[in-house]
Amino acid sequence: MAAATMLPTCIRSLRQQLPSKAPNQPLPSLRRAFSLYDQINLIDQVPDDQLRFQGYTDSGFTVNRVQYEGSLLIIGNLLTSWSPTKFSEINEESLSIFRVVRPVPEILIVGCGKYIQPVDPKLREFIRSTGMKLEAIDSRNAASTYNILNEEGRIVAAALLPCGITS
């Protein structure tokens with residue numbers, strides 16, 4: 001909220017710094033105008049009851065300042081270690097918890113590891129039968145997508161292999 005109230009003041013300040021006679025100069029890029037957000041650390045200002053990915057390594061993830069090794073399964077704001085160590089181990093059994101979880105998340109984000117992998121049609125059908133949509137992407141982008149959807153207040157689940165997994 002404080003950032004939103006400071007933005008107009010910051011933009012006015014930037015405008016005052018522009019030379020008064022500037023013919024044929026390019027317009028300032030939005031990246032320059034909004035670079036002030038680089039100094040505002042929103043990542044560390046996470047409500048206690050909300051999970052947020054803050055980083056990753058080849059072998060795990062940092063969530064709310066805690067380093068986790070291995071694969072993770074996250075449902076809403078609940079986090080648990082997850083057994084698959086490679087993409088081929090992601091199947092109905094490894095995701096069987098979604099048969100009983102209520103409320104049903106609207107989307108399951110599968111982090112495939114380092115690269116996007118094609119999802120077996122049988123697994124897609126299982127996910128669809130639970131009432132969820134499926135998004136299978138690389139784990140780095142899966143973590144970011146989870147953050148965005150979770151911040152929006154949506155019920156979302158993520159099943160993530162570490163970013164270093166390539167198969």
Side-chain angles (χ1 to χ4, degrees), residues 1-4 7 29-31 34-35 37-38 40-167:
M1 188 74 88
L7 186 59
S29 73
L30 290 177
R31 181 169 290 168
F34 290 103
S35 66
Y37 283 112
D38 294 340
I40 302 169
N41 189 347
L42 298 175
I43 290 176
D44 292 331
Q45 297 174 3
V46 179
D48 291 337
D49 64 338
Q50 189 174 49
L51 296 177
R52 181 164 177 82
F53 285 92
Q54 296 170 302
Y56 64 92
T57 64
D58 281 350
S59 61
F61 302 90
T62 303
V63 181
N64 291 32
R65 297 187 203 116
V66 178
Q67 177 67 39
Y68 295 90
E69 291 295 315
S71 301
L72 296 178
L73 181 65
I74 299 170
I75 304 167
N77 282 311
L78 303 173
L79 180 144
T80 187
S81 161
W82 189 44
S83 62
T85 58
K86 56 187 176 179
F87 187 75
S88 61
E89 294 175 1
I90 300 175
N91 53 36
E92 275 188 54
E93 186 170 324
S94 69
L95 296 171
S96 62
I97 192 167
F98 292 108
R99 290 185 180 126
V100 295
V101 165
R102 298 296 177 267
V104 176
E106 74 179 79
I107 187 169
L108 171 63
I109 304 162
V110 174
C112 304
K114 191 169 190 169
Y115 306 109
I116 297 172
Q117 302 284 331
V119 176
D120 181 86
K122 229 172 129 177
L123 182 58
R124 264 190 201 285
E125 183 53 40
F126 168 72
I127 298 301
R128 210 174 289 129
S129 75
T130 65
M132 292 184 295
K133 294 175 183 146
L134 175 66
E135 182 72 30
I137 52 180
D138 63 279
S139 293
R140 182 177 63 93
N141 286 311
S144 295
T145 302
Y146 171 85
N147 284 347
I148 292 166
L149 295 176
N150 195 34
E151 284 174 7
E152 289 176 355
R154 295 165 70 179
I155 300 173
V156 61
L160 302 152
L161 295 172
C163 296
I165 302 294
T166 57
S167 63

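The structure displayed is predicted, hence computed values, not measured ones. What's counted below: heavy atoms across the whole structure, side chains too, no hydrogens, waters or symmetry copies.
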> Minimum heavy-atom separation for Glu89 to Ser94, with atom names?
O-OG, 3.5 Å
> Give every residue pair that meets the side-chain hydrogen bond (donor to acceptor under 3.5 Å, both in side chains) criterion with at least one member in residues 115-125, sequence neighbours excluded.
Glu125-Arg128
> When rounded to the nearest 0.5 angstrom, what distance separates CD1 in Ile107 from CG in Leu134?
7.5 Å
> Are Val104 and Met132 side-chain neighbours, meaning at least one heavy-atom pair lies under 4.5 Å?
yes
> Begin with the C-alpha distance, continue with both residues' side-chain angles, and end with the deciding distance and a verdict on side-chain contact (heavy atoms from CB on, under 4.5 Å) for Ile97 and Trp82.
CA-CA 11 Å; Ile97 192 167; Trp82 189 44; over 6 Å; no
> Are Pro105 and Ile155 side-chain neighbours, meaning at least one heavy-atom pair lies under 4.5 Å?
yes
> Please tell me if the side chains of Ile90 and Leu161 come closer than 4.5 Å, counting only heavy atoms from C-beta onward.
yes
> Got a donor-acceptor contact below 3.5 angstrom from the Asn150 side chain to the Asn77 backbone?
no
> Can you tell me how far the CG atom of Leu160 sits from the CD1 atom of Ile165, to the nearest 0.5 Å?
12.0 Å
> Looking only at non-hydrogen atoms, find the nearest pair between Arg154 and Leu149 and report the distance.
NH1-CD2, 3.0 Å
> Identify the two heavy atoms, one from Glu151 and one from Gln50, that lie closest to each other, and give their separation to 0.1 Å.
CA-NE2, 3.5 Å
> In Å and rounded to the nearest 0.5 Å, what is the CD1 to CG distance from Ile75 to Leu51?
11.5 Å
> Nearest heavy-atom pair of Ala158 and Tyr146: which atoms, and what distance?
CB-CD1, 4.0 Å
> CD of Gln54 to CD of Gln67: how many Å apart, nearest 0.5 Å?
10.5 Å
> With heavy-atom distances below 4.5 Å as the criterion, would you say the side chains of Tyr68 and Leu79 are in contact?
yes
> Looking at Ile109, is its backbone amide N or carbonyl O close enough to the side chain of Glu135 to form a donor-acceptor pair, meaning the two atoms are under 3.5 Å apart?
no
> Does Asn147 reach the main-chain N or O of Phe53 with its side chain, forming a donor-acceptor pair under 3.5 Å?
yes
> Kindly indicate whether the side chain of Ser81, heavy atoms from C-beta on, has any atom under 4.5 Å from the side chain of Ser71.
no
> List the steps and the verdict of side-chain contact (heavy atoms from CB on, under 4.5 Å) for Val119 and Ile127.
CA-CA 11 Å; Val119 176; Ile127 298 301; over 6 Å; no
> Does atom CD of Glu93 have more than 12 heavy-atom neighbours from other groups under 6.0 Å away?
no
> Would you check if the side chain of Asp138 reaches a backbone N or O of Lys114 as a donor-acceptor pair within less than 3.5 Å?
no
> Side-chain contact test, heavy atoms from C-beta onward, threshold under 4.5 Å: evaluate it for Thr130 versus Leu108 and give yes or no.
no
> Does the side chain of Ser59 come under 3.5 Å of the side chain of Glu69 through a donor N or O and an acceptor N or O?
yes
> Which pair of non-hydrogen atoms, one from Leu95 and one from Ala159, has the smallest distance, and what is that distance?
CD2-CB, 4.1 Å
> For the backbone of Cys163 and the side chain of Ser139, can you confirm whether one donor and one acceptor N or O come within less than 3.5 Å of each other?
no
